[in-house]
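Note that the coordinates shown come from a computational prediction; the quantities given were computed from them, not determined experimentally.
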Amino acid sequence: MSNWIIIFLYCIVAYGFSNMMVFGSGPFRIFEHIRNISERISEHFGSLFKCMMCFPANLGWVLSIIDWFLIKSVAFTPFNILLTGTGLWWLALILDCFFTSGIVWLIHNFESFFENLGQGNQMQEIDNDNDTIEIH
């Protein structure tokens, strides 16, 4: 399978899983229970499951570790694909963290933009003079 297809599928799966963990309830409300338990452990740990930038960042480095050390035969995270055989697992871990957070955040914002556009909501922008401009 082509590396580009693997990276594309990685992006879709990372977005889907992040979306379920942050916004979904899941079967038997499992994702809600995970969010509630994490909130009880710590406020900061609980915020991990409420942010579409925070959760994917952590998902990225966890998947990178799993890919590099546990599933050595198949590289499926973007930077494990690029850095396979170099021994730079720590660099792949950091870059997968950044990539996963960025791509999920980007997809999430595209989705939010088109949802707002479809609902006819007006968007606002602030110009250089700190005046609010409505965009239709």
Side-chain angles (χ1 to χ4, degrees):
M1 190 181 301
S2 169
N3 288 342
W4 290 109
I5 294 171
I6 294 171
I7 292 172
F8 176 76
L9 292 174
Y10 174 84
C11 294
I12 299 300
V13 169
Y15 173 74
F17 187 68
S18 297
N19 195 40
M20 287 189 311
M21 289 301 294
V22 172
F23 300 116
S25 60
F28 307 108
R29 303 179 90 113
I30 187 71
F31 301 127
E32 287 181 23
H33 292 302
I34 292 171
R35 286 192 297 271
N36 291 336
I37 291 168
S38 66
E39 185 73 26
R40 278 186 253 140
I41 292 171
S42 163
E43 179 183 339
H44 296 292
F45 189 62
S47 66
L48 164 73
F49 292 93
K50 296 178 181 176
C51 173
M52 279 299 275
M53 190 179 283
C54 309
F55 183 80
N58 288 289
L59 178 65
W61 70 260
V62 168
L63 289 176
S64 188
I65 287 175
I66 290 169
D67 189 16
W68 196 277
F69 293 108
L70 300 178
I71 308 174
K72 296 178 181 183
S73 61
V74 179
F76 61 85
T77 65
F79 287 94
N80 281 335
I81 291 171
L82 293 174
L83 299 174
T84 297
T86 63
L88 298 172
W89 63 270
W90 54 272
L91 182 60
L93 181 140
I94 293 167
L95 295 175
D96 281 331
C97 170
F98 294 159
F99 178 83
T100 307
S101 179
I103 199 69
V104 167
W105 180 83
L106 184 67
I107 295 169
H108 172 69
N109 281 309
F110 271 122
E111 178 188 14
S112 297
F113 173 77
F114 286 113
E115 280 179 359
N116 289 335
L117 204 62
Q119 294 173 356
N121 294 346
Q122 295 179 348
M123 299 184 67
Q124 296 181 345
E125 183 177 307
I126 298 176
D127 66 4
N128 293 337
D129 299 325
N130 289 330
D131 296 326
T132 302
I133 303 170
E134 288 188 10
I135 302 171
H136 300 280

According to a 4.5 Å side-chain heavy-atom criterion applied to Ile, Leu, Val, Met, Phe, Trp and Tyr, with indirect links allowed, do [X] and [Y] form part of one hydrophobic cluster?
X   : Y   : value
I7  : I5  : yes
V13 : F98 : no
F28 : M20 : no
F76 : L70 : yes
L48 : I41 : yes

Where the side chain of [X] meets the backbone of [Y], is there a donor-acceptor pair that is under 3.5 Å apart?
X   : Y   : value
S38 : I34 : yes
S47 : H44 : yes
N36 : E32 : yes
R35 : G24 : yes

So [Y] and [X], do their side chains get closer than 4.5 Å, heavy atoms only?
X    : Y    : value
F110 : I107 : no
P78  : D96  : yes
I65  : W68  : no

- Note on the structure: Applying side chain to side chain donor-acceptor pair (under 3.5 Å) to T100 and not counting sequence neighbours gives Y10
Distance check, rounded to the nearest 0.5 Å: [X] atom [atom1] versus [Y] atom [atom2]?
X    : Y    : atom1 : atom2 : result
I30  : M21  : CD1   : CE    : 8.5 Å
L63  : C97  : CG    : SG    : 11.0 Å
S101 : L106 : OG    : CG    : 11.0 Å
L82  : F99  : CG    : CZ    : 9.5 Å

- Message: Quick test of your reading: applying side-chain hydrogen bond (donor to acceptor under 3.5 Å, both in side chains), list the pairs with at least one residue in residues 14-23, sequence neighbours left out, ordered by first then second residue.
- Response: Y15-E111
Which residues pass the ring pair (Phe, Tyr, Trp, His ring centres under 6.0 Å) test with [X], sequence neighbours left out?
X   : answer
F69 : W89
F23 : H108
F49 : F45, F55

Closest heavy-atom contact between [X] and [Y]?
X   : Y    : result
D67 : T77  : OD2-N, 3.0 Å
P56 : V104 : CG-CG1, 3.3 Å
A92 : N80  : CB-OD1, 3.2 Å

- Rest of the hydrophobic cluster containing M53 (Ile/Leu/Val/Met/Phe/Trp/Tyr, side-chain heavy atoms under 4.5 Å)? W105
